[in-house]
Undergrad: 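One structure, as structure tokens, below. Some questions next.
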Amino acid sequence: MEWNFLAAIGRITLRFMQAVGHLSLFTLESVKNLFLPPFYMRLFLRQLMNVGYYSLPVVGMTALFTGMVLALQIYVGSSRFNAESAVPTIVVIGLTRELAPVLSGLMVAGRVGAAIAAEIGTMRVTEQIDALVTLSTNPFRYLVTPRVLAGIITLPLLVLVGDIIGVAGGYLVATETLGFNAGSYIKNTFDFLESRDVISGLIKASVFGFIVTLMGCYHGFNSTGGAQGVGRATTNAVVSSFILILVSDYFLTVMLLD
Amino acid sequence: MADSPKISLKNVCKSFGSNHVLKDLSLDIEDGESLVVIGGSGTGKSVMLKCILGLLEPEQGEIFIDGQQVVGLPKSEREKSLRKTGMLFQYAALFDSLPVWENVAFGLIQAHGMNRKDAKDIAIEKLSLVGLGSDMASKSPASLSMGMQKRVGLARAIATNPEIIFFDEPTTGLDPIMGDVIDNLIRDCTRELGASTLTISHDMESAQKIADRIALLYKGSVVWIGPASEIETSGNAYVEQFVKGDVNGPIELDILKP
């Protein structure tokens, strides 16, 4: 009984280490191929549209309502010690440094990460990836590189748009519901905002873009077992993206704090 | 060197865990020859093909294409070696994201660097060789029947005028008439190109139609090889059982007898 328990722990540990090793090799291969020719411009542009442009509505909606809720909640808290004037500053810093990159990353993981895993997973189980190899085409450069590069580039752009929409959401609630003066709200928003607040959020977004697209590609690439396998790959891509975004967010915050 | 086989497998072994799929498999395919490898499900036919194409690495043995050892070749060298091959997959493995003509022209554009306009002209010409009109060129593969998809797959396999063509179960999933159409197309197209072909199949009628020689694979080894015309009179117990489709004989089936 005791041996069975130890054996189970050993098996789980070995399986975990194997998965970490496999993912590390995939990541290294993906990063290496970002710098190697050929570069598929047409595919890259298509992925810019898929990852970036088509994610704008969902990221915009998320940012708008987050900004609105943030203004309300901070107002409630700050009014307890007569610090209502801090609402615009906290809204903009909260959005740019934390909420816009993390929530955009999570939304894009749900929309794009799942789609990438499903598409590449289907290609795997229908032998389309094998077909690429037989047509002398490196599947990494053809499938992974354009998606990962699009993720790294577009997520910061989405977050930048999200920052603006989120601040606008906070402004709307503050001026229409909470009785803030429009001019002083805008002044307070920008007076205490520093460029590093925005830049740290964009760096986070870039890392999250890498994570989301990499997880989609990794789980799609390694899917097995037909339709069920593709479904599993899709779920795993989203769940692993969520976890990695939240964990890496902490470490990135520590690194970018100063 | 001129007398060396086009493809040569020497003592190739491949296992998956404790399942030894290929056991000391040796096989030669001469220049311009059409060899069909027959055998039941799970005898290692597809694994053999994947080892030749570099989709799987054998644990032991050597594989030569045009006298060049391809096992363990770096990816870039492997890609070069695959430029002289074409492959028709069991279920065609067409790229869903591309129209029919781009599927056919894929190897010309990606591997041979041809411009898209010239590649499209050749793709339409190859489509006409397999009996598909130019109106098919802009259709999505998903809108085609399996018979049409196989014909597009065949057009893709011959698009670069390869010296070697592989066919994986070309008539599986087709009605007898469409199966005959595909067999005729394979025979005519490959003879016109003068290509060496390796087909794996368990369809005896199809094998006899397209083969110069037939090899029977059983438990990962070749148990009989000879001219297609001699298959009915081989005197080999394995071949006789397979040709007759008899349950009783030296070929053991992995099914429980009632």
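A, B, ... follow the sequence lines: proteins, then strands. Residue 1 opens every chain. Just so we're clear, the structure is a prediction, and the values are computed from it rather than from any experiment.
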Undergrad: Heavy-atom count check: over 12 atoms from other residues, nucleotides or ligands less than 6.0 Å from B/M146 CE?
TA: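 Above 12, so yes.
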Undergrad: Any non-hydrogen side-chain atom of A/V133 less than 4.5 Å from a side-chain atom of B/L53?
TA: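 Answer no - side chains too far apart.
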Undergrad: Considering all heavy atoms of both residues, which atom of B/R156 and which atom of A/A131 are nearest to each other, and what is their separation?
TA: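 That closest heavy-atom pairing would be NH2-CB, 3.7 Å.
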Undergrad: Less than 4.0 angstrom from a charged side-chain N to a carboxylate O is my criterion; do A/E29 and B/K75 meet it?
TA: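 Yes, A/E29 and B/K75 are salt-bridged.
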Undergrad: For A/S136 and B/L82, which heavy atoms make the closest approach, and how far apart are they?
TA: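 Closest heavy-atom pair between A/S136 and B/L82: OG-C, 3.5 Å.
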Undergrad: State whether the number of non-hydrogen atoms from other residues, nucleotides or ligands found under 6.0 Å of A/H22 atom NE2 is greater than 12.
TA: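 Incorrect, the count does not exceed 12.
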Undergrad: Out of curiosity, B/S97 OG to A/L43 CG, how far, rounded to the nearest 0.5 Å?
TA: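 One finds 8.0 Å between OG of B/S97 and CG of A/L43.
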Undergrad: Please determine, among B/G54, B/A93, B/S81, B/G86, the option with the most heavy-atom pairs under 4.5 Å with chain A.
TA: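 Top count of heavy-atom pairs under 4.5 Å with chain A: B/A93.
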Undergrad: Counting neighbours of CD on B/E77 that are heavy atoms of other residues, nucleotides or ligands and sit closer than 6.0 Å, is the number greater than 12?
TA: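 Count over threshold, so yes.
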Undergrad: Do B/F106 and A/T137 make a side-chain contact, defined as non-hydrogen atoms from C-beta onward lying under 4.5 Å apart?
TA: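 The answer is yes, as the side chains (C-beta and beyond) meet within the 4.5 Å cut-off.
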Undergrad: Is chain B contacted by the side chain of A/I129, its backbone, both, or neither, given a heavy-atom distance below 4.5 Å?
TA: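 Contact with chain B is absent: no heavy atom of A/I129 under 4.5 Å.
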Undergrad: Indicate the atoms forming the closest heavy-atom contact of A/Q128 with B/L94, along with that distance.
TA: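 A/Q128 and B/L94 have their closest heavy atoms at CD-O, 3.2 Å.
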Undergrad: Take a 6.0 Å sphere around CZ of B/F16 and say whether it holds more than 12 heavy atoms from other residues, nucleotides or ligands.
TA: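 Yes - once you tally the heavy atoms of other residues, nucleotides and ligands closer than 6.0 Å, there are more than 12.
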Undergrad: Nearest 0.5 Å, please: how far is CD1 in B/I165 from OG1 in A/T134?
TA: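 Reported value, rounded in 0.5 Å steps: 12.0 Å.
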Undergrad: Are there more than 12 heavy atoms of other residues, nucleotides or ligands under 6.0 Å from atom CD of B/Q68?
TA: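 Atom CD in B/Q68 is crowded, with more than 12 foreign heavy atoms closer than 6.0 Å.
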Undergrad: Within this structure, what is the CG-CD distance for the pair B/D96 and A/E119, rounded to the nearest 0.5 Å?
TA: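 The CG atom of B/D96 sits 8.0 Å away from the CD atom of A/E119.
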Undergrad: Evaluate the side-chain proximity of B/R116 to A/R42: yes if any heavy-atom separation is below 4.5 Å, no if none is.
TA: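 A side-chain contact exists here, since the closest heavy-atom pair is under 4.5 Å.
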Undergrad: With a 4.5 angstrom heavy-atom cut-off, is it the side chain or the backbone of B/L98 that approaches chain A, or both, or neither?
TA: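 The answer is the side chain of B/L98.
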Undergrad: Checking heavy atoms, do the side chain of A/T126, its backbone, both or neither come under 4.5 Å from chain B?
TA: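 It is the backbone, since no side chain atom gets that close.
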Undergrad: So for atom CZ, which belongs to A/F39, do other residues, nucleotides or ligands contribute more than 12 heavy atoms lying within a distance under 6.0 Å?
TA: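 Check passes, neighbour count above 12.
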Undergrad: If you count heavy-atom pairs within less than 4.5 Å of chain A, which of B/R83, B/K80, B/R78, B/E79 leads?
TA: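 Top option by heavy-atom pairs under 4.5 Å: B/E79.
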Undergrad: Say you draw a straight line from CG of A/D130 to NZ of B/K50; how long is it, rounded to the nearest 0.5 Å?
TA: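 Between A/D130 CG and B/K50 NZ, I get 5.0 Å after rounding to 0.5 Å.
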Undergrad: Could you state the interatomic distance from CZ (B/F95) to CE (A/M123), rounded to the nearest 0.5 Å?
TA: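 Taking CZ in B/F95 and CE in A/M123, the distance rounds to 5.5 Å.
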